[in-house]
Amino acid sequence: RVNISLDTLDAGKFVSICRRGSLEQAWAGIEAALVAGLSPVKINVVVMRGINDDELEKFAALTLDRPLHVRFIELMPLGECGDLQPEHFVPAEEMRQRLARQHPLLPATGVVGNGPARYYRLEEAVGTVGFIAPLTEHFCPGCNRLRLSSTGMLSPCLGSPEEIDLREALRSGAGDGELRELMRRAILAKPAGHDLASGRERARRRHMHRLGG
């Protein structure tokens, strides 16, 4: 399976948001993933008022004739957000209501994955739309995510600076039992919840784009 971050279907906005690459390249990658039979193919869209929230319907329409899982994500105050302000925030419930005016949202069943997204299906669509709401629909008690950086650091939570160094352990000859214990430590280090809704972010060792969503 593959997750693709794509916040706009407009070529000009793409350059403004990503600062590199092109929408044509990104879309070619999505099409290639579908042709290769990767499944599920998920598109993650961070919804920002006044920037891309006018594209909700266009993104949802991608699921009508393609087996794509488009997930709309609430804007999170993580890292250097540049000019993004609280007024750019769009709650997931508003996203659902806006989409429902155009298309009835039917509960989706049999969707692959055990993550935080709540999935729906447009009538007669072959794909799904999902909503991830870390701020307004707190899902920390059910979070099952750990993230491994390219440098071997295991992170229990995006909202926490805690990291477990697996690379050093591997290079020191750690066996399976020691690695299992380090992973167990990471799981036990997951906090009960985050305080992102307060607008405060605990200092991280690396920005989210260097860790992965």
Side-chain angles (χ1 to χ4, degrees), residues 1-8 16-21 42-49 51-53 69 71-93 95 113-118 130-213:
R1 64 189 179 188
V2 60
N3 283 14
I4 299 154
S5 293
L6 183 65
D7 294 329
T8 181
S16 175
I17 292 172
C18 297
R19 301 184 179 90
R20 69 193 69 190
K42 301 176 180 179
I43 297 179
N44 293 335
V45 185
V46 176
V47 180
M48 298 165 282
R49 194 182 307 281
I51 298 175
N52 66 351
D53 64 317
H69 302 282
R71 290 111 61 84
F72 298 109
I73 305 173
E74 289 181 342
L75 179 65
M76 293 181 283
L78 288 170
E80 296 176 5
C81 295
D83 295 331
L84 295 178
Q85 303 295 331
E87 56 265 26
H88 291 111
F89 179 78
V90 182
E93 180 58 27
M95 301 179 206
N114 299 298
R118 295 172 58 185
F131 300 88
I132 300 177
L135 271 65
T136 63
E137 298 167 11
H138 211 283
F139 50 74
C140 290
C143 177
N144 61 359
R145 294 299 196 253
L146 297 174
R147 289 171 175 83
L148 182 64
S149 77
S150 61
T151 56
M153 304 301 291
L154 190 62
S155 175
C157 173
L158 283 176
S160 167
E162 181 76 25
E163 290 182 338
I164 304 293
D165 192 343
L166 295 185
R167 181 176 66 176
E168 183 60 31
L170 285 166
R171 290 182 174 179
S172 299
D176 290 348
E178 186 176 346
L179 291 174
R180 275 195 297 270
E181 180 57 29
L182 288 172
M183 292 181 184
R184 180 175 178 272
R185 278 176 50 195
I187 293 169
L188 293 176
K190 287 180 72 65
H194 61 67
D195 61 352
L196 294 177
S198 69
R200 297 189 304 273
E201 180 193 359
R202 295 175 64 189
R204 289 198 56 82
R205 292 185 176 88
R206 67 192 78 249
H207 289 314
M208 185 174 172
H209 74 275
R210 298 185 62 192
L211 179 61

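This structure is a prediction, so every number in the text was calculated from the model and none was measured.
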Trainee: Within a strict 4.5 Å, meaning less than it, do heavy atoms of the H88 and I51 side chains meet?
Mentor: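 In short, these two side chains touch, coming nearer than 4.5 Å.
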Trainee: State whether R184 and E181 are salt-bridged, where the test is any N-O pair (Lys NZ or Arg NE/NH1/NH2 against Asp/Glu carboxylate O) under 4.0 Å.
Mentor: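 Yes, this pair counts.
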Trainee: Hey, does the side chain of R71 reach the backbone of F131 with a donor-acceptor pair shorter than 3.5 angstrom?
Mentor: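 Absent.
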Trainee: Ignoring hydrogens and angles, tell me if any N or O in the side chain of D7 forms a donor-acceptor pair with the backbone of I17 under 3.5 Å.
Mentor: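 No, D7 side chain to I17 backbone: no donor-acceptor pair under 3.5 Å.
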Trainee: Going through the distances and angles, do M48 and V90 end up as a side-chain contact (heavy atoms from CB on, under 4.5 Å)?
Mentor: CA-CA 6 Å; M48 298 165 282; V90 182; over 6 Å; no
Trainee: Mind checking what makes side-chain hydrogen bond (donor to acceptor under 3.5 Å, both in side chains) contact with E137, not counting sequence neighbours?
Mentor: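 Only R96, R118 meet the side-chain hydrogen bond (donor to acceptor under 3.5 Å, both in side chains) criterion with E137.
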Trainee: Would a 4.5 Å heavy-atom cut-off, applied to side chains only, mark V47 and F89 as touching?
Mentor: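 V47 vs F89: side chains apart.
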Trainee: To the nearest 0.5 Å, what is the distance between CZ (R167) and CE (M153)?
Mentor: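 It is 8.0 Å, given to the nearest 0.5 Å.
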Trainee: Between N3 and I43, does a side-chain contact (heavy atoms from CB on, under 4.5 Å) hold up when you go through it step by step?
Mentor: CA-CA 6 Å; N3 283 14; I43 297 179; over 6 Å; no
Trainee: With heavy-atom distances below 4.5 Å as the criterion, would you say the side chains of L179 and L170 are in contact?
Mentor: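 Sidechains of L170 and L179: in contact.
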Trainee: Drop me the distance from C143's SG to K190's NZ, to the nearest 0.5 angstrom.
Mentor: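 With rounding to 0.5 Å, SG (C143) is 3.5 Å from NZ (K190).
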Trainee: Measuring only between side-chain heavy atoms, which start at C-beta, is L182 closer than 4.5 Å to L166?
Mentor: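 Result yes, sub-4.5 Å side-chain heavy-atom pair found.
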Trainee: What's the separation between atom CG in N52 and atom CZ in F72, rounded to the nearest 0.5 Å?
Mentor: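 Rounded to the nearest 0.5 Å, the CG-CZ separation comes out at 9.5 Å.
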Trainee: What residues, two or more places apart in sequence or in another chain, satisfy salt bridge (Lys or Arg N to Asp or Glu O under 4.0 Å) together with D165?
Mentor: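 D165 satisfies salt bridge (Lys or Arg N to Asp or Glu O under 4.0 Å) with no other residue.
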Trainee: Is a side-chain donor-acceptor pair under 3.5 Å present for E74 with T136?
Mentor: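 Judged by distance alone, the side chains do pair up.
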Trainee: Calculate, to the nearest 0.5 Å, the distance between atoms CG and CE belonging to L188 and M183 respectively.
Mentor: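 L188 CG to M183 CE: 13.5 Å, rounded to 0.5 Å.
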Trainee: Do L154 and R147 touch side chain to side chain, with heavy atoms closer than 4.5 Å?
Mentor: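 Counting from C-beta outward, L154 and R147 never come under 4.5 Å.
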Trainee: With heavy-atom distances below 4.5 Å as the criterion, would you say the side chains of V45 and L6 are in contact?
Mentor: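 SC-SC contact between V45 and L6 ruled out.
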Trainee: Just by modelled atom types, is the A174 backbone N or O under 3.5 Å from a matching donor or acceptor in the S172 side chain?
Mentor: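 No.
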